[in-house]
Amino acid sequence: MLDIKAFQTAQFKMQIQNNNAICPSASSVNKKNASSVHKQIARSVYKKEVGTFMATDFKCYKRYMKYTNSDFNKSLVYLPKSTVEIINNKSATFTTGDIITLRIILHNKHGDVVTDGGEFIKIWMSEKRRGAGSAGYVVDHSNGTYIGVIKALWSGSPNIKMSLSFPKESIGLFVNYIYKNGMLRTLKGIFKNARGETAKGICGIHTRTNHDICDFTSLNYGMRFFCSLPDEPGFNCSDWYAHVGDMTVPTFTKTQKHFISSTSNKIIKEIKVDVHGDKTIYPPKYLCRDVNGAVTWSRSSPLGYFYNRIWHNLLCQNKVEKFNNKYTSCLQNREIYMFGDSTLRQWLMKTVEILNLDLVSSRKSDALRGYHQPMKALSKNKIHNITVRWNAHEFPFFTYRPNVTINDFKPARHHFKNIRSKNPIIVLHWYVHLAMAPLSVYEEHVRNAKDAIIQFLDRIPGAKIFIKGPHNIKNDEGVPYDFVRHLQDKLLFQIFDDIKHKVVYLNEWDITVGSESNGMHPGNDVIHYMVHELLSYMC
């Protein structure tokens, strides 16, 4: 195994994340796990409001809660008057391997420096004619000044790009909305009584309503989730059988939506630099399969780079060629489990393609939008005996097609209890759905999974556990994903600190920023390199 200390002495020393909105240690949460979750939905009914925010939320959101409308005057950044300069080489000429440092100073419309921090700025480098791209990081000095850091990884004439992903005011609108409403989008529970009648009630991590509230926390394995009973009489909590998202419920006002769309993901500046020297940075000599899991939690941008449209990992390399027979030999008699959202379902479909598996489903890749039923794929040749499964994670989960029941959404704890393989591979992912709820909800889910992982590894020490990190997404429905990703990662890293040597962290931020992938669902080429990197830690 690769020793972490030896690796760190040679690693490019950058901060793991920028210093935006650093929050103190997260509070502990209720870890109860009801023994009756398989038997019946909890019938507890409350006639009170269920609180939304917890200590973790206040610690991380407090600085943004003062921004409650879109008339911000002097606090708002005005990009035409903001400045960017390279501070470690005015000639903008570098050698491969050099660190490039830039100073970004944000001004308001009056030309004054914005004195507060909290903006989320992204920095990356690209050169389209070489099919090249990489990510850097930004440090917030909380006084309107930011330092961008990026590394020259190939020779050429790339552009360094900086964008204001989300101004603090947009983050403030998001924080205040979920403080008031619990979640950014509306979920509704579908109830069906013994007479065959159906009706809907609002669901969420709290429900502000005068109606009776069904507490489904036990069903969700100790992670808070509630639904109000329908307005129509004749329904009980035990009648809940499905849920569906409701996009007709408005979130932000028209003015607020315009403000968010007009101020988010805006380019601050592009600076062309000249890079001489070796064609590309030297590849690592370590094999990914030999890397200690703890090293993957210690990585920082740049984690890799694209060149000739091929992703090059800067931590380790994979000696297994991307051929089906090589992978099937490596993975023979193994089971791969993926528990997460539709972006992880993309991984299952790509694994099916790479390993030439049979998909045990009537749905194909072009008909999977909104499909959240469990999926399974098997080896066409029984000698290989490879199984890959995908399941949607627990509530809250936003689905807009009523083709699934509540039994299709289970947490990792549930699945771990049912795995009997001696050397399974498990990939976990939470991001987009929990991004629409307060940070403390994400904390509950991660802590719940971590406890289950510890118990699972005690029972099956040969298991390989992977956690897929957040990817780059442009503003969607007002969610400040850079902000959410930053806080989720900080919590995730803190929670797993004592067992990080037993779990591999798959950081997908750089691969999506470097490829300029902005969609909720990354493109097929990007997914290919993500899955190939996952497999490289095993083969």
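Worth knowing before you read on, the calculation uses all heavy atoms, side chains too, and leaves out hydrogens, waters and symmetry mates.
The neighbour count for Lys254 NZ, taken as heavy atoms of other residues, nucleotides or ligands under 6.0 Å away, does not exceed 12. Residue Lys502 places its NZ atom among 12 or fewer non-hydrogen atoms of other residues, nucleotides or ligands, all under 6.0 Å distant.
Side-chain contact annotation: Ser75 with Glu169, donor-acceptor N/O pair under 3.5 Å present. For the 3.5 Å distance criterion, the side chains of Arg299 and Asn313 qualify, holding a donor opposite an acceptor. Neither side chain, Glu127 nor Asn159, offers a donor N or O lying under 3.5 Å from an acceptor on the other. Side-chain atoms of Asn176 and Thr68 include no donor-acceptor pair closer than 3.5 Å. Side-chain polar atoms of Asn524 and Lys350 form a donor-acceptor pair below 3.5 angstrom. For the residue pair Arg309/Tyr529, the side-chain donor-acceptor check at 3.5 Å is not satisfied. Of the N and O atoms on the side chains of Asp510 and Ser301, at least one donor lies less than 3.5 Å from an acceptor on the other residue. A side-chain donor from one of Glu394 and His445 sits under 3.5 Å from a side-chain acceptor of the other.
Side chains of Leu303 and Ile511 form no contact here, defined as non-hydrogen atoms less than 4.5 Å apart. Looking at heavy atoms from C-beta onward, Tyr305 lies in side-chain contact with His312 at the 4.5 angstrom threshold. By the 4.5 Å heavy-atom criterion applied to side chains, Lys90 and Glu85 are counted as neighbours. In this structure, Phe166 and Glu119 have side chains that are not in contact, with every pair of non-hydrogen atoms separated by 4.5 Å or more. At a threshold of 4.5 Å between non-hydrogen side-chain atoms, the residues Lys161 and Met125 do not count as touching. Looking at heavy atoms from C-beta onward, His393 lies out of side-chain contact with His429 at the 4.5 angstrom threshold. When side chains are defined from C-beta on, Phe306 does not count as touching Ser126, because their heavy atoms never get closer than 4.5 Å. Looking only at side-chain heavy atoms (C-beta outward), Pro396 and Val441 come within less than 4.5 Å of each other.
Looking only at distances, a side-chain donor or acceptor of Asp140 sits under 3.5 Å from a matching main-chain atom of Ser142. Listed for the Glu533 side chain is no donor-acceptor partner under 3.5 Å among the backbone atoms of Met530. For Gln317 (side chain) and Pro284 (main-chain N/O), a donor-acceptor pair under 3.5 Å exists by modelled atom type. In this structure a side-chain-to-backbone donor-acceptor pair under 3.5 Å is missing from Asn181 to Met183. Under a 3.5 Å cut-off, the side chain of Asp98 and the backbone N or O of Thr95 do form a donor-acceptor pair. The main-chain N or O of Ser517 is found under 3.5 Å from a side-chain atom of Asn472 such that the two form a donor-acceptor pair. Side-chain atoms of Ser82 come within 3.5 Å of backbone atoms of Tyr78 as a donor-acceptor pair (strictly under, hydrogens ignored). Proximity of a side-chain donor or acceptor of Asp341 to a complementary backbone N or O of Thr343 within less than 3.5 Å is detected. Side chain of Asn88 to backbone of Ile99: a donor-acceptor contact under 3.5 angstrom is found. A donor-acceptor pair under 3.5 Å links the side-chain atoms of Asp57 to the main chain of Ser440, judged by distance alone.
The distance between the ring centers of Phe397 and His433 falls below 6.0 angstrom. Between Tyr146 and His141, the distance separating the two ring centers is not shorter than 6.0 angstrom. Checked against the 6.0 Å centroid threshold, Phe409 and Phe395 count as a close aromatic pair. Between Tyr431 and Tyr442, the gap from one ring centroid to the other reaches at least 6.0 Å. Centroid-to-centroid, the aromatic rings of Tyr179 and Phe53 come within less than 6.0 Å. Ring centroid separation for the pair Phe483 and Tyr64 comes in under the 6.0 Å cut-off. For Phe252 and Phe259, the distance between ring centers is not under 6.0 angstrom.
Val114 pairs in a side chain to side chain contact (heavy atoms under 4.5 Å, CB included) with only one of the listed residues (Val77, Leu76, Asn143), which is Val77. When each of Ile105, Leu106, Ile104 is tested with Thr83 by the rule side chain to side chain contact (heavy atoms under 4.5 Å, CB included), just one qualifies, namely Ile105.
The line from NZ of Lys500 to CZ of Phe493 is 9.0 Å long, rounded to the nearest 0.5 Å. Asn265 CG to Ile260 CD1: the interatomic distance, rounded to the nearest 0.5 Å, is 11.5 Å. In this structure, CD1 on Ile425 lies 7.5 Å from CG on Leu534, to the nearest 0.5 angstrom. If you take CG on Asp525 and CH2 on Trp311, they are separated by 14.0 Å, rounding to the nearest 0.5 Å.
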Check residues 266-282 and write down every donor-acceptor pair under 3.5 Å in which the side-chain atom is one partner and the other belongs to a residue at least two apart or another chain.
from: Asp274; atom 1: OD1; to: Ser157; atom 2: OG; distance (Å): 3.1
from: Asp278; atom 1: OD2; to: Tyr282; atom 2: OH; distance (Å): 2.9

### Query
Do Phe496 and His501 pass the ring-ring contact (aromatic ring centres under 6.0 Å, His included) test, and can you show the C-alpha distance, the side-chain angles, and the key distance before you say yes or no?
CA-CA 9 Å; Phe496 275 87; His501 58 292; over 10 Å; no

#### Entry: CA sep, side-chain torsions, deciding dist, call: Lys450, Glu443, salt bridge (charged side-chain N to carboxylate O under 4.0 Å, His left out)
CA-CA 10 Å; Lys450 182 205 173 177; Glu443 179 182 19; over 6 Å; no

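By the ring pair (Phe, Tyr, Trp, His ring centres under 6.0 Å) test, His107 pairs with no residue at all, sequence neighbours left out. Phe466 is linked by a ring pair (Phe, Tyr, Trp, His ring centres under 6.0 Å) to nothing, counting only residues two or more places apart in sequence or in another chain. With sequence neighbours excluded, no residue forms a ring pair (Phe, Tyr, Trp, His ring centres under 6.0 Å) with Phe94.
In terms of heavy-atom proximity, Met338 sits nearest to Thr351 at CE-OG1, 3.6 Å. The nearest pair of heavy atoms linking Ser134 to Trp154 is OG-CZ3, 3.8 Å. The shortest heavy-atom contact between Ser165 and Asp482 is OG-OD2, 2.8 Å. Among all heavy-atom pairs drawn from Thr101 and Ile147, the shortest one is CG2-CG2, 3.6 Å. Of all heavy-atom pairs spanning Leu153 and Gly304, the tightest one is CD1-O, 4.2 Å. Nearest heavy-atom pair, Leu184 versus Gly478, reported as atom, atom and distance to 0.1 Å: CD2-C, 4.2 Å.
The residues Glu508 and Lys468 are annotated as not salt-bridged, no charged nitrogen and carboxylate oxygen being separated by less than 4.0 angstrom. Classification of Asp489 and Arg485 as a salt-bridged pair holds, one side-chain N sitting under 4.0 Å from a carboxylate O. A salt bridge links Lys66 with Asp116: at least one charged nitrogen is closer than 4.0 Å to a carboxylate oxygen.
Legend: disulfide bond (SG atoms under 2.5 Å apart) pairs involving residues 103-151, not counting sequence neighbours: none detected. A disulfide bond (SG atoms under 2.5 Å apart) check over residues 477-539, counting only residues at least two apart or in different chains, returns the pairs Cys330-Cys539.
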